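These numbers come from a predicted model, not from an experiment.
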Amino acid sequence: MHHSDPSVLSIPENQSSTVTFILVGFSEYPDIQLPLFLLFLTIYTVTVLGNLGMIAIIRLSPKLHTPMYFFLSHLSFVDFCYSTVVTPKLLENLIVEDRKISFTGCVMQFFFVCIFVVTETFMLAVMAYDRFVAVCNPLLYTVAMSQKLCWSLVAGSYSWGIICSFVFIHFMLTLVFCGTKFINNFVCEHDAIVAVSCSDPFISQKVIFIFATFNELSSLMIILTSYVFIVITVMKMPTTGGRYKVFSTCASHLTTITIFHSIIICLYCVPTTKSSWLLVMVASVFYTVVIPMLNPLIYSLRNKDVKDAVKKLMCSSLSS
């Protein structure tokens, strides 16, 4: 998935060799560099352990070999990936004076962040659809959510992420960059890169705005439609016990969706001005550093099946 055809990402010669970006990040706040380094290092450690742990638990527990956990393991994989694309560079920039990143490095970082963020957007929509089928058609669930369909939905999410990324990169590489540029962020994020180009970025910004809006609206439509049907079905249920079980499963999913989408909307659908760079940076911290840590925590702490699986694995490893 990671090896892309070099010709597609060919970067104009005159630019790539001479252009360097400097990620300004949090350098304007020298007093908090060390506390931030320790904070982000802790968050990153929890993210890696949490997400890889989640994948391992799901793989090792036969009881969790269901569509819901299949999607959750892919969500964990995506979270692990995009956190790893961003956080190590952020940590390095907090402790070294030299915050340079090459033109190619910056473009590649944006390319991978983009793949994983778009994939996550649709993975959350797929998970909502999965809950809809589970709640509204429980008898047909295993037939409806076949292994083939599950793989197709996941593959579709990754493929669309990759397509979006190539489109954005294509339009970004039509811009001209010159000399050394200071990027007002700690991550090579579209607005920040485009803001320092020497040519008019109008088309590139328009393209990303159209795609981001389409991705947001289409994934939110799937999510909202699924949840409207879930709520209607739950309200018809006679017992409160059944209602509680459904709502507790869906609550963790809704929590994740709400945090993720509110930050993405704040970042991409609100025009950025010079004064809002700090807001953009804080929002970027959230969706690239904090959210990947929250997902496994939200799902594991709220979820009885995951807790049981962990206990079971602990017991079996201790007894052996």
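Between Phe186 and Phe26, the ring center distance clears the sub-6.0 Å criterion. Residues Phe166 and Phe111 place their aromatic rings such that the two centres sit under 6.0 Å apart. A distance of 6.0 Å or more separates the ring centres of His190 and Phe171.
Ring-plane geometry between Tyr158 and Phe77 is classed as perpendicular, the angle between the planes exceeding 60 degrees on a 0 to 90 degree scale with a lower cut at 30.
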Extract all donor-acceptor atom pairs below 3.5 Å that involve side chains of residues 59-67 and protein atoms in other chains or at least two apart in sequence.
| residue | atom | partner | partner atom | Å |
| --- | --- | --- | --- | --- |
| Ser61 | OG | Ile57 | O | 2.8 |
| His65 | NE2 | Ile58 | O | 3.1 |
| His65 | NE2 | Arg59 | O | 3.0 |

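Under 3.5 Å, the side chains of His253 and Tyr227 contain a donor-acceptor pair of N or O atoms.
A search for salt bridge (Lys or Arg N to Asp or Glu O under 4.0 Å) contacts involving Asp98 returns Lys100, not counting sequence neighbours. The salt bridge (Lys or Arg N to Asp or Glu O under 4.0 Å) search around Lys181 returns none, not counting sequence neighbours. Residues passing the disulfide (SG to SG under 2.5 Å) test with Cys114, sequence neighbours excluded: none. Phe132 meets the side-chain contact (heavy atoms from CB on, under 4.5 Å) test with Tyr129, Cys136, Ser226, Phe229, Ile230; sequence neighbours excluded. Applying the salt bridge (Lys or Arg N to Asp or Glu O under 4.0 Å) test to Asp308 and every residue at least two apart in sequence or in another chain returns Lys304.
Annotation: side chain of Phe37 is not in contact with side chain of Asn93 (no heavy-atom distance under 4.5 Å). Between Tyr44 and Met293, every side-chain heavy-atom pair lies at or beyond the 4.5 Å cut-off. By the 4.5 Å heavy-atom criterion applied to side chains, Phe112 and Val86 are not counted as neighbours. Between Val285 and Phe40, some side-chain heavy-atom pair lies under the 4.5 Å cut-off.
Within a 6.0 Å sphere centred on OH of Tyr141, other residues, nucleotides and ligands contribute more than 12 heavy atoms. Heavy atoms from other residues, nucleotides or ligands lying under 6.0 Å from CD1 of Ile203 number 12 at most. The number of heavy atoms from other shown groups lying within 6.0 Å of CE (Met235) is above 12.
Closest approach of Phe177 to Met172, counting heavy atoms only: CE1-O, 3.9 Å. Nearest heavy atom pair, residue Asp200 against residue Leu175, reads O-CD2, 3.6 Å. Closest approach of Leu149 and Ala144 over heavy atoms only: CD2-O, 3.3 Å.
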